[in-house]
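Residues: numbered from 1 along the sequence shown.
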Amino acid sequence: MTLTEATIRKAEPKDKRYRMFDGNGLYLEVAPSGGKWWRLKYIYGGKDRRLSLGVYPEINLKAARDLRDAKRVLLARGEDPAEERRAIARMVQDKVDHAFEVVAMEWHVKKKPGWTERHAEVVAHRMRSYLFPDLGSRPVNEITPPELLKTIRTIEQRGATYLASTMTQIAGQIFRYGIATGRCTYDPAPGIRGALMTHIEKHQNAVKPSDFPKLMADIAGYGIDQKGEESTRLGLQLLALTFVRTSELIEATWDEFDFQQSIWRIDAPRMKMKRDHWVPLAPQALSALHRLKEISRGSRYILPGKNIHAHMSNNTLLYALYRLGYKSRMSGHGFRSVASTILNENGFKPDVIEKQLAHEDNNEVRAAYNRAEYLSERAKMMLWWGAYLEPMLKPPSWQ
């Protein structure tokens, strides 16, 4: 006797599981909990087999019969219906394992031991922000150059041409890792480079050296009566005292600083030229750092944001300059230009200044030699620079 929807709905649970047979191996198994499962009994290779076809009522009687008939067609061909299911499961799992995001994060794990913690965080954040929204769930072997180009162009449209180039390089490394691990056969990144905008270094605004004391005096008075602005003021002063790039300052963590040796060691991954950089610290810079330590709320960053687990935004320092009236007149990079001009005018060796600006020589042997040769000279230069700036680091009323 075959089943009907009515008899299935009326079937009540019992103390033990029981079966309600329909025909051609199809039956409904009713559990003591009240759950009802469709099963197919069949013989393959001379052995009794069972195959689950789903749960009632999600799979109704008609759907269960259709599934049974489809599985029996496979049996007639000499195929095992269970193997078909396993093949489908493998295909689904392969699609998951081959997803761009999965491959990318696996590549990230492999590369992470050779990076600083901060650089690893930056790379992961950029992948999540710029690559994964469009490409994350796509099988890495199906992504085409036009598809990758469309993703990268969303970055270009923001005017971030350097970041677009960087993300193309990262994507290329992920695809090459996919090739090495058998998940894809080619890298589409090289094919889109000719379609990307060329990154052009923009001129960075900087005041004239003659206007620099006024700028520093304005910074010294910034936020004196405003709670929470002290770290911004000290950040701007440290930019002047060290003339590092803004990102190198705001991403700095306390473990980079050796207060005994008065040295700030920045690891290569955080540097534009990807080489370690040492910054000798004048007493004035050390004083600013000690004060930041007191107000950093236990953060690992010397300039934490509102969330102590993240660093200050680059815009925080830039907008402070805007509020001081220096929009289109001064930028974070401008401190580097002014320092270079003043130090050159005061007779310091151009090579020493360039080294302190981390403008690396392309000759690696010469660069390594200069790194050792110029450290003592750079330390003397930075002491002079700190003393030069000292009168400008306090508001006029305090002097």
ask   = Rounded to the nearest 0.5 Å, how far does CG of L249 lie from CZ of F335?
value = 10.5 Å
query = Once you round to the nearest 0.5 Å, how far does CD of E5 lie from CG of L61?
reply = 5.0 Å
task = Report the C-alpha distance between Q284 and L389 in whole Å, list the side-chain angles of each, state the deciding distance to 0.1 Å, and finish with yes or no for side-chain contact (heavy atoms from CB on, under 4.5 Å).
result = CA-CA 8 Å; Q284 295 77 12; L389 291 182; over 6 Å; no
inquiry  = Just verifying a value: how many Å separate Q173 CD and T168 OG1, rounded to the nearest 0.5 Å?
reply    = 11.5 Å
request  = State yes or no: do L148 and I179 share one hydrophobic cluster built from I, L, V, M, F, W and Y residues joined by side-chain heavy-atom distances below 4.5 Å, directly or via other members?
outcome  = no
Which atom of P188 lies closest to which atom of T144, heavy atoms considered = CB-C, 4.1 Å
key: W264 side-chain N/O to D258 backbone N/O, donor-acceptor pair under 3.5 Å   = no
message = When you group the ILVMFWY residues by side-chain heavy-atom contacts below 4.5 Å and let the links chain together, are V207 and L318 in the same group?
response = no
ask   = Should side-chain heavy atoms under 4.5 Å link Ile, Leu, Val, Met, Phe, Trp and Tyr, which residues sit in the same cluster as W37?
value = V55
key: Single-linkage hydrophobic cluster F212~W384, side-chain heavy atoms < 4.5 angstrom   = yes
request  = Side-chain contact test, heavy atoms from C-beta onward, threshold under 4.5 Å: evaluate it for V140 versus V102 and give yes or no.
outcome  = no
query = When rounded to the nearest 0.5 angstrom, what distance separates OH in Y42 from NZ in K47?
reply = 12.0 Å
message = Run the side-chain contact (heavy atoms from CB on, under 4.5 Å) test on R183 and E106 for me, step by step, so that the C-alpha distance in whole Å, both residues' side-chain angles and the decisive distance to 0.1 Å come before the verdict.
response = CA-CA 12 Å; R183 262 79 70 85; E106 189 177 310; 2.8 Å; yes
request  = Please work out whether the ring planes of F175 and F100 are parallel, tilted or perpendicular, with thresholds of 30° and 60°.
outcome  = tilted
key: Lys/Arg-Asp/Glu bridge criterion (N-O < 4.0 Å) met for R300, E121   = yes
query = What orientation do Y27 and F21 show, parallel under 30°, tilted 30 to 60°, or perpendicular over 60°?
reply = tilted
key: P280 backbone acceptor or donor facing R378 side chain under 3.5 Å   = no
query = Linking I/L/V/M/F/W/Y whenever their side-chain heavy atoms sit closer than 4.5 Å, directly or via other members, would L281 and L383 fall into one cluster?
reply = no
ask   = Short question: side chain of S340, backbone of S337 - any donor-acceptor pair under 3.5 Å?
value = no
query = Between Y186 and R176, is any side-chain donor less than 3.5 angstrom from a side-chain acceptor?
reply = no
remark   = G386 and A282 have their tightest heavy-atom pair at CA-CB, 4.0 Å
key: Lys/Arg-Asp/Glu bridge criterion (N-O < 4.0 Å) met for K214, D218   = yes
message = With side-chain contact (heavy atoms from CB on, under 4.5 Å) as the criterion, how do L292 and S231 come out once you've worked through the C-alpha distance, each side chain's angles and the decisive distance to 0.1 Å?
response = CA-CA 7 Å; L292 282 172; S231 60; 4.0 Å; yes
query = For I174 and A104, which heavy atoms make the closest approach, and how far apart are they?
reply = CD1-CB, 3.6 Å
request  = Could you note down all residue pairs passing ring-ring contact (aromatic ring centres under 6.0 Å, His included) where residues 299-332 supplies at least one of them, sequence neighbours left out?
outcome  = Y301-H311, Y319-Y322
Any side-chain heavy-atom pair of K293 and H290 under 4.5 Å = no
task = Hey, could you give me the NZ/CE distance between K394 and M216, rounded to the nearest 0.5 Å?
result = 13.5 Å
Check: R336 side chain, A240 main-chain N or O, donor-acceptor pair, under 3.5 Å = no
note = CG (L196) and OG1 (T161) are apart, to the nearest 0.5 Å, by 10.0 Å
S296 and S299 side chains, donor-acceptor separation under 3.5 Å = no
request  = Examine L53 and Y18 and state if one hydrophobic cluster contains both, with Ile, Leu, Val, Met, Phe, Trp and Tyr joined whenever side-chain heavy atoms are less than 4.5 Å apart.
outcome  = yes
ask   = Does E147 pair with R138 as a salt bridge, N-O distance under 4.0 Å?
value = yes
task = Locate the shortest heavy-atom distance separating W115 from H108; write the atom from each residue and the value.
result = CZ3-CD2, 3.6 Å
Can I get a per-line list of side-chain donor-acceptor pairs under 3.5 Å for residues 122-131, giving both atom names and the distance, sequence neighbours left out?
from: S129; atom 1: OG; to: H125; atom 2: O; distance (Å): 2.9

Lys/Arg-Asp/Glu bridge criterion (N-O < 4.0 Å) met for E377, K380 = no
query = Between the side chains of Y222 and R323, does any donor sit under 3.5 Å from an acceptor?
reply = yes
message = Between T242 (side chain only) and L238 (backbone N and O only), is there a donor and an acceptor less than 3.5 Å apart?
response = yes
N-O pairing of D66 and K62 below 4.0 Å = yes
ask   = Counting N and O atoms only, with roles assigned by atom type, does the side chain of T181 sit under 3.5 Å from a partner on the main chain of Y177, one being a donor and the other an acceptor?
value = yes
query = Which heavy atom of V244 sits nearest a heavy atom of L239, and at what distance?
reply = O-CD2, 3.6 Å
request  = In sequence, state the C-alpha distance, the side-chain angles, and the governing distance for K349 and E354, and then conclude on salt bridge (charged side-chain N to carboxylate O under 4.0 Å, His left out).
outcome  = CA-CA 9 Å; K349 291 180 181 179; E354 289 298 294; over 6 Å; no
request  = Without swapping roles, check the side chain of E142 against the backbone of P139 for a donor-acceptor pair under 3.5 Å.
outcome  = no
query = Sub-3.5 Å donor-acceptor pair from the side chain of K71 to the main-chain atoms of L40, do we have one?
reply = no
ask   = For the residue pair W385 and Y388, does the interplanar ring angle fall in the parallel (under 30°), tilted (30 to 60°) or perpendicular (over 60°) class?
value = parallel
ask   = Are D276 and R265 ion-paired here, with the side-chain N under 4.0 Å from a carboxylate O?
value = no
request  = Taking all heavy atoms of M382 and all of V279, pick out the closest pair and write down the distance.
outcome  = CE-CG1, 4.5 Å
query = More than 12 non-hydrogen atoms from neighbouring residues, nucleotides or ligands closer than 6.0 Å to CH2 on W107, yes or no?
reply = yes
ask   = With distance as the sole test, does E29 use its side chain to make a donor-acceptor pair with the main-chain N or O of R39 at under 3.5 Å?
value = no
